[in-house]
*Asks:* 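Take this structure first; my questions come after.
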Amino acid sequence: MIRDLHNKLINKEITSLQLTEEYFERIQKKDKELFAYLTLTKESALEQARKVDEKIKKGEEIRILEGIPGAIKDNMCLLGTRTTAGSKILDNYIAPYDATAVKRLKEGGAVILGKTNMDEFAMGSSTETSAYGPTKNPADTERVPGGSSGGSAASVAADEAVWALGSDTGGSIRQPAAFCGVVGLKPTYGRVSRHGLLAMASSLDQIGPITKTVEDAAIVLSEIAGEDLRDATSAKSSGKRYENYLTGEVTGLKIGIVKEYQENLKKDTKELMEKAIETYKNMGAEITEIEMPYAKYALPVYYIIMPCEVSSNLARFDGIKYGLSVNDQKYSDLPASLREALQAGNRSLLETYLDSRKYGFGPEVKRRIMLGTYALSSGYYDAYYLRAQKVRALIKKDFEKAFEEVDLILTPTSPTPAFKLGEKTEDPLEMYLSDVFTVTANIAGVPAISIPGGKIKEGGSELPFGLQLTAKWFDEENLLRAAHAFEANSKFKNQNSKP
Ligand code: GLN
């Protein structure tokens, strides 16, 4: 899709301005219902589009993403633009700089349409914890788009953006991509700089693309990847163009199927997995069963380590340094007695901290701050955090061992297709189970991608099903190559609505 649009731009069949305006028109038409966007950046988008058109007119060369419109998840800083991370506490926060990934896209000439809706501070699997209301799934608007990058996935699926950036701490790029029938890539930890990403859990967070095709994901990754002096965990790279590795060939690639995951798969999911295995076999890949004995501890480990890091990262939101303060009285739900006290002005610093957080954070964020603070407190630290870190090392070993035998691991992205809005909001544990196949990649730091793998019929709807491929650390080349070959050889490609 990106390459086609790029060719159309350089052949002067369309202008970037026309393309950008077409996307804004579609946003205007569809987004009242879908609510994929929190903020639109129309003025700067049109200005950038005009610049690109000017270059083309003058006969200058343009880069592959130049003039192509896309969207940024609202937990990444975009200079001069409201950046809320889906939270009330950052309702008025204007980013004072660009996140590195965003800066690289801008330097590549991309057009940024706006910021997308998300679960508050990326905590959730349905975009329902956003303080601004949920996004809806374009495939069935009674259902969630997945989360936390639900706005980004919905915007791409509904042709409200050609590409989008998401962030993935435990599945937040891949699961919404699966629910919306698009492609979502979580790169290796360290592949993309996290500078300017509002941190959820720093040892797990990673930025990556959500797109319609695997090639588009490769193109966006090529633009944003690479070392950054502002993120000490970012890895050196040789400036690879990942789209050059998409040969359509998988002959001789070894793909592992995880034994422990097979038992509990639902019938539809099992059938689609079997079809995918057949497709890969027919293309010449070798399929092997592998064991991952510690994978069953991935979810409990994630739900200890992640809240610990959350409780520490979110301590900075105190009503003084960033965003809203209870003293501004901009929160709508303040009780009258508190308003009076605030007007009288005799509030202590501690009270400002406590009330700003009390009224600024939603229930899911508070739950995780409390869980993390508890697990890190003296006496519990050894029993929870330390033990979880030890099991984390064992899960990494599972992957190391598996990758001695195979090049890639194939699983479903999520145990179920998109669920109904409100279906899991009352039961956080039920919601957490959505992440059972995705969190392992974050725990180990390996790259993983979700690609369309068919449809599941449920309640009168045909819902997208996502297949997940996982590769070795820094082996995005094989990951994307195998994903692209499947896309090229399966009938699920281009299953999304066309503009
Ligand atoms: N759904 C997971 C959670 O709620 C993953 C979130 C994410 O990847 N940001 O923690």
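Bear in mind the structure is a predicted one, so any value in this text is a computation, not a measurement. Whatever order the structure lists them in is the order used to number ligands and atoms, beginning at 1.
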*Asks:* Please say whether more than 12 non-hydrogen atoms of neighbouring residues, nucleotides or ligands are located less than 6.0 Å from NZ in K88.
*Replies:* yes
*Asks:* Under 3.5 Å, is there a donor on one side chain and an acceptor on the other for D91 and Y331?
*Replies:* no
*Asks:* Can you list the ligand 1 atoms lying under 4.0 Å from a non-hydrogen atom of M200?
*Replies:* 9 (N), 10 (O)
*Asks:* Considering only non-hydrogen protein atoms, determine which one is nearest to atom 1 (N) of ligand 1 and report residue, atom name and distance to 0.1 Å.
*Replies:* S125 OG, 2.8 Å
*Asks:* What is the nearest protein non-hydrogen atom to atom 5 (C) of ligand 1, stated with its residue, atom name and distance?
*Replies:* Y302 OH, 3.3 Å
*Asks:* Using a 4.0 Å heavy-atom cut-off, which part of S148 comes near ligand 1: side chain, backbone, both, or neither?
*Replies:* side chain
*Asks:* Is there a polar contact, in the sense of an N or O pair closer than 3.5 Å, between S167 and ligand 1?
*Replies:* no
*Asks:* Can you name the atoms of ligand 1, numbered from 1 with element, that are less than 4.0 Å from a heavy atom of D168?
*Replies:* 8 (O)
*Asks:* Nearest protein heavy atom to atom 7 (C) of ligand 1, by residue and atom, and its distance?
*Replies:* S172 OG, 2.4 Å
*Asks:* Assess whether salt bridge (Lys or Arg N to Asp or Glu O under 4.0 Å) is satisfied between E271 and K267, documenting all intermediate values.
*Replies:* CA-CA 6 Å; E271 278 171 17; K267 190 169 153 272; 3.6 Å; yes
*Asks:* For H484 and Y245, what are the C-alpha separation, side-chain angles and deciding distance, and is it a ring pair (Phe, Tyr, Trp, His ring centres under 6.0 Å)?
*Replies:* CA-CA 10 Å; H484 170 256; Y245 293 83; over 10 Å; no
*Asks:* Among side-chain atoms of S193 and S234, is any donor-acceptor pair under 3.5 angstrom?
*Replies:* no
*Asks:* Could you tell me whether F35 atom CZ has more than 12 heavy atoms of other residues or ligands within 6.0 Å of it?
*Replies:* yes
*Asks:* Does ligand 1 have any atom sitting under 4.0 Å from a heavy atom of Y303?
*Replies:* yes
*Asks:* What atoms of ligand 1 come within less than 4.0 Å of a heavy atom belonging to G170?
*Replies:* 5 (C), 7 (C), 8 (O)
*Asks:* Check the orientation of F121 and F361. Use parallel for under 30°, tilted for 30 to 60°, and perpendicular for over 60°.
*Replies:* perpendicular
*Asks:* Examine the proximity of ligand 1 to F121 and report which part, side chain or backbone, both or neither, has a heavy atom under 4.0 Å away.
*Replies:* neither
*Asks:* Taking the six-membered ring of Y132 as reference, does the NZ or CZ atom of R82 fall below 6.0 Å from its centre and within a 45° cone about the axis?
*Replies:* yes
*Asks:* If we set the cut-off at 4.0 Å for heavy atoms, which region of D435 has an atom near ligand 1: side chain, backbone, both, or neither?
*Replies:* side chain
*Asks:* Hey, is Q175 touching ligand 1 through its side chain, its backbone, both or neither, going by heavy atoms under 4.0 Å?
*Replies:* neither
*Asks:* With side chain to side chain contact (heavy atoms under 4.5 Å, CB included) as the test, would you mind laying out the steps for L185 and L479 before giving the verdict?
*Replies:* CA-CA 10 Å; L185 168 67; L479 183 69; 3.7 Å; yes
*Asks:* Any nitrogen or oxygen of M306 lying under 3.5 Å from a nitrogen or oxygen in ligand 1? Just yes or no.
*Replies:* no
*Asks:* Give the contacting part of R368 toward ligand 1: side chain, backbone, both or neither, where contact means a heavy-atom distance below 4.0 Å.
*Replies:* side chain
*Asks:* Go through ligand 1 atom by atom and flag the ones less than 4.0 Å from a non-hydrogen atom of A122.
*Replies:* 6 (C), 7 (C), 9 (N)
*Asks:* Without hydrogens or angle criteria, can the side chains of K73 and S152 be said to hold a donor-acceptor pair below 3.5 Å?
*Replies:* no
